[in-house]
A.B. asks: 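Mind having a look at this structure? Questions to follow.
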Amino acid sequence: MTSDIILTGDRTTGKLHLGHYVGSLRSRVELQHVYPTFILLADVQALTTHFERPGLIADSVRQVALDYLAVGIDPERANLFIQSMIPEIAELTQYFSMFVTVNSLRHNPTVKNEAKERGYNDLYYGFLGYPVSQAADIAFCKATLVPAGEDQIPHIEQARKIVRRFNELYRPVLREPRILTGGRLTGLDGGSKMSKSLGNAMYLDSSREEVELKLAKAKTDPARVRKDDPGHPDICPVYEYHRHFRPEQCADIHELCSKGGIGCTDCKKLAAQAVNELLEPIRERRISLAGRMNHIDEILVEGTRKARAVARETMSEVREAMGINYFGG
């Protein structure tokens, strides 16, 4: 029996896409059979960039839950819960914020990059404090493993420092997490990682036609002009799809492309075929689950109830360590 615990999750700002699948969803499905697993629907953190669109966030809670279940997350093994319904996380965020400096948050590379992408010249308090909230998400259940994309490395490192500082200041009741990084999938525009906010994503519920159309329009090797020109697959976004979704054949594609033996159109068709083979059972399960939304709600209510029980226990230890459990509560 392992003592490790997993915490992972996503902000509820819309449906999930292939970048999520490559980055962490694929590994979550495997790891849920090995470790106790908590999966967070981060609706509070979604407000850091979408506070003016609460309706989108509310709808996305169920859409993201559908995506989780459709890819193979088993609610009997993984605890799905809603962040805003665990007030102890907000309380722990507040305690952590007392000893986290503004400068450390401003210098967080992921915060800086996202602020630049969104054109934020003046940072909102909640946006700047996102890593502190994330540290509380991890610490409330004493998680030690966080499956996430590479862009989350700075956040997890900051969470480690926050937990370490808390344990040094008060008493070692929390556990330092470490990240389990997945792959990274470039967006269809070829310019950056796949992202909802950048509009370069392919969603897990995409139809066969949508997959084919989006990949047909995807950027490829910019130096390749004619079909028989030697290609450079290592800088081609479409080749990433072969690596992730056709791993057994990607070496052949690499060789053919490098020698000008396959054109971009045919290459894209093969990639689309592989993506559709992956998504077909996910689409079918999602359609079936969407017809039973009451069942989805029951899963979220029960998962949140279990997570809150864990949170209450942890926060009792936290308050005792800090000496603020004045009446033994």
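The chain is numbered in sequence order, starting from 1. Note that the structure is predicted; figures quoted are calculated from it, not measured.
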A.B. asks: Transitively linked via ILVMFWY side-chain contacts under 4.5 Å: Leu25 with Ile156?
C.D. replies: no

A.B. asks: Taking the ring centre of each residue, are Phe51 and Tyr124 less than 6.0 Å apart?
C.D. replies: yes

A.B. asks: Output yes when a side-chain donor or acceptor of Arg178 lies under 3.5 Å from a complementary backbone atom of Leu145, and no otherwise.
C.D. replies: no

A.B. asks: Is the ring centre of Tyr239 less than 6.0 Å from the ring centre of His232?
C.D. replies: no

A.B. asks: Mind checking whether Tyr203 and Val22 sit in one hydrophobic cluster, side chains of I, L, V, M, F, W, Y counted as touching below 4.5 Å?
C.D. replies: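 No; tracing contacts between hydrophobic side chains, which count when under 4.5 Å, never links both residues.
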
A.B. asks: Between Tyr130 and Asn108, do the side chains contain an N or O donor and an N or O acceptor separated by less than 3.5 Å?
C.D. replies: no

A.B. asks: Are any of the side-chain nitrogens in Glu168 or Arg164 under 4.0 Å away from the carboxylate oxygens of its partner?
C.D. replies: no

A.B. asks: Minimum heavy-atom separation for Arg28 to Gly9, with atom names?
C.D. replies: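 That closest heavy-atom pairing would be NH2-O, 3.2 Å.
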
A.B. asks: Measure the shortest side-chain to side-chain distance between Ile6 and Pro147 over non-hydrogen atoms and say whether it is less than 4.5 angstrom.
C.D. replies: yes

A.B. asks: Run the salt-bridge test on Glu30 and Arg26 with the 4.0 Å N-O cut-off and return the result as yes or no.
C.D. replies: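 Here Glu30 does not pair with Arg26 in a salt bridge, since their nearest N and O are not under 4.0 Å apart.
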
A.B. asks: If we ignore hydrogens and angles and just use 3.5 Å, is the side chain of Arg171 paired with the main-chain N or O of Met322 as donor and acceptor?
C.D. replies: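 Not confirmed, Arg171 side chain does not pair with Met322 backbone.
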
A.B. asks: Taking C-beta and beyond as the side chain, do Arg106 and Lys112 meet within less than 4.5 Å on heavy atoms?
C.D. replies: no

A.B. asks: With the 4.5 Å side-chain cut-off for hydrophobic clustering, are Val211 and Leu16 part of the same group?
C.D. replies: yes

A.B. asks: For residues Tyr170 and Tyr95, determine if any side-chain heavy atom of one lies less than 4.5 Å from a side-chain heavy atom of the other.
C.D. replies: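 Side chain of Tyr170 against side chain of Tyr95, heavy atoms only: no contact under 4.5 Å found.
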
A.B. asks: Could you pull out the closest heavy-atom pair between Val132 and Ser97, with the gap in Å?
C.D. replies: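 Looking at all heavy atoms of both residues, the shortest contact is CG1-N, 3.9 Å.
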
A.B. asks: Would you call Glu280 and Arg208 a salt bridge, taking side-chain N to carboxylate O under 4.0 Å as the test?
C.D. replies: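 Yes, this pair counts.
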
A.B. asks: Contact between Leu66 and Arg62 at the side-chain level, heavy atoms closer than 4.5 Å - yes or no?
C.D. replies: no

A.B. asks: Would the distance check show the side chain of Glu284 and the main-chain N or O of Pro281 forming a donor-acceptor pair, the cut-off being under 3.5 Å?
C.D. replies: no

A.B. asks: Measuring only between side-chain heavy atoms, which start at C-beta, is Glu313 closer than 4.5 Å to Cys141?
C.D. replies: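 No, their side chains stay 4.5 Å or more apart.
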
A.B. asks: Can you give me the closest heavy-atom contact between Thr93 and Ala136, atom names plus distance?
C.D. replies: OG1-CB, 3.2 Å

A.B. asks: Would a 4.5 Å heavy-atom cut-off, applied to side chains only, mark Thr186 and Asn200 as touching?
C.D. replies: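 Not in contact.
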
A.B. asks: Does a sphere of radius 6.0 Å around CD in Glu52 hold more than 12 heavy atoms from other residues, nucleotides or ligands, not counting ones at 6.0 Å or beyond?
C.D. replies: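 Above 12, so yes.
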
A.B. asks: Is there a side-chain contact between Asn325 and Ser316 in this structure, where contact means two heavy atoms from C-beta onward sitting under 4.5 Å apart?
C.D. replies: no

A.B. asks: Quick one: does His33's side chain have a donor or acceptor within less than 3.5 Å of a partner on Arg77's backbone?
C.D. replies: no

A.B. asks: Around atom CZ of Arg53, are there more than 12 heavy atoms from other residues, nucleotides or ligands closer than 6.0 Å?
C.D. replies: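 Incorrect, the count does not exceed 12.
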
A.B. asks: Have Ser60 and Arg11 got a donor and an acceptor in their side chains that come within less than 3.5 Å?
C.D. replies: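 No donor-acceptor contact under 3.5 Å links the two side chains.
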
A.B. asks: Using distance alone, with no hydrogens and no angle criterion, decide if Ser133 and Gln45 have a side-chain donor and acceptor under 3.5 Å apart.
C.D. replies: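 Yes, side-chain donor-acceptor contact under 3.5 Å.
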
A.B. asks: Looking only at heavy atoms, which two atoms of Cys257 and Pro233 are closest? And how far apart?
C.D. replies: SG-CD, 3.8 Å

A.B. asks: Determine yes or no for a side-chain-to-main-chain donor-acceptor pair under 3.5 angstrom, with Lys268 supplying the side chain and Ala218 the backbone.
C.D. replies: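 At least one qualifying donor-acceptor pair exists.
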
A.B. asks: Show the numbers, then the answer: is there a side-chain contact (heavy atoms from CB on, under 4.5 Å) between Arg165 and Leu169?
C.D. replies: CA-CA 6 Å; Arg165 181 63 173 148; Leu169 280 170; 3.7 Å; yes

A.B. asks: Evaluate Asn113 against Arg118 for side-chain hydrogen bond (donor to acceptor under 3.5 Å, both in side chains), listing each step before the verdict.
C.D. replies: CA-CA 9 Å; Asn113 290 339; Arg118 295 181 178 277; over 6 Å; no

A.B. asks: Tell me, do Phe38 and Thr8 make a side-chain contact under 4.5 Å, heavy atoms counted?
C.D. replies: no

A.B. asks: Got more than 12 heavy atoms from elsewhere within 6.0 Å of NZ, Lys161?
C.D. replies: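 Counting other residues, nucleotides and ligands, NZ of Lys161 stays at 12 neighbours or fewer.
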
A.B. asks: Would you check if the side chain of Gln32 reaches a backbone N or O of Asp74 as a donor-acceptor pair within less than 3.5 Å?
C.D. replies: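 It does hold such a pair.
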
A.B. asks: Regarding Arg175 and Thr144, is there a side-chain donor-to-acceptor distance under 3.5 Å anywhere?
C.D. replies: no

A.B. asks: Leu18 and Leu270: same hydrophobic cluster, using ILVMFWY side-chain contacts below 4.5 Å?
C.D. replies: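 Hydrophobic grouping puts Leu18 apart from Leu270.
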
A.B. asks: Does atom CE of Met85 have more than 12 heavy-atom neighbours from other groups under 6.0 Å away?
C.D. replies: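 Count not over threshold, so no.
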
A.B. asks: Hydrogens and angles aside, do Thr101 and Ser104 bring a side-chain donor and acceptor to less than 3.5 Å of each other?
C.D. replies: yes

A.B. asks: Salt bridge or not between Arg286 and Asp67? Use side-chain N to carboxylate O under 4.0 Å.
C.D. replies: yes

A.B. asks: Side-chain donor-acceptor contacts of residues 303-311 below 3.5 Å, not counting sequence neighbours, with atom names and distances?
C.D. replies:
residue	atom	partner	partner atom	Å
Thr304	OG1	Ile82	N	3.1
Thr304	OG1	Leu300	O	2.7
Arg305	NE	Glu302	OE1	3.1
Arg305	NE	Glu302	OE2	3.4
Arg305	NH2	Glu302	OE2	2.6
Arg308	NE	Glu88	OE1	3.0
Arg308	NE	Glu88	OE2	3.2
Arg308	NH2	Glu88	OE2	3.1

A.B. asks: With no hydrogens and no angle check, just 3.5 Å: does a side-chain donor-acceptor pair link Gln152 and Thr110?
C.D. replies: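 Result is no, nothing qualifies.
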
A.B. asks: Are the side chain of Arg285 and the backbone of Ala70 linked by a donor-acceptor contact shorter than 3.5 Å?
C.D. replies: yes

A.B. asks: For Arg246, does the CZ atom sit with more than 12 other heavy atoms under 6.0 Å from it, leaving out its own atoms?
C.D. replies: yes

A.B. asks: On a heavy-atom basis, which atom in Ile253 and which in His242 lie closest, and how many Å separate them?
C.D. replies: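 Minimum heavy-atom contact is CG1-ND1, 3.7 Å.
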
A.B. asks: Can you check side-chain hydrogen bond (donor to acceptor under 3.5 Å, both in side chains) on Thr12 and Asp43, steps first, answer last?
C.D. replies: CA-CA 5 Å; Thr12 55; Asp43 58 333; 5.5 Å; no

A.B. asks: Quick one: does any side-chain atom of His254 pair with a main-chain N or O of Cys250 as donor and acceptor, under 3.5 Å?
C.D. replies: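 Looks like no, no N/O pair under 3.5 Å.
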
A.B. asks: Check the pair Asp205, Lys15 against salt bridge (charged side-chain N to carboxylate O under 4.0 Å, His left out), reporting the backbone distance first and the verdict last.
C.D. replies: CA-CA 8 Å; Asp205 69 342; Lys15 294 178 287 189; 2.7 Å; yes

A.B. asks: May I ask you to decide if Gly55's main-chain N or O and Asp59's side chain share a donor-acceptor pair within less than 3.5 Å?
C.D. replies: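 No; zero donor-acceptor contacts below 3.5 Å.
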
A.B. asks: Find out if a path of hydrophobic residues (ILVMFWY) with successive side-chain heavy-atom gaps under 4.5 Å connects Met293 to Leu69.
C.D. replies: yes

A.B. asks: Any idea which heavy atoms bring Pro177 and Ala143 closest together, and the distance?
C.D. replies: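 Minimum heavy-atom contact is CB-O, 3.8 Å.
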
A.B. asks: Is the Phe140 to Phe81 ring centre distance short of 6.0 Å?
C.D. replies: yes

A.B. asks: Once salt bridge (charged side-chain N to carboxylate O under 4.0 Å, His left out) is applied, what residue pairs with a partner in residues 180-198 remain, sequence neighbours excluded?
C.D. replies: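 For residues 180-198: Asp151-Lys193.
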
A.B. asks: Any donor-acceptor pair under 3.5 Å linking the side chain of Lys219 with the backbone of Val238?
C.D. replies: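 No, Lys219 side chain to Val238 backbone: no donor-acceptor pair under 3.5 Å.
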
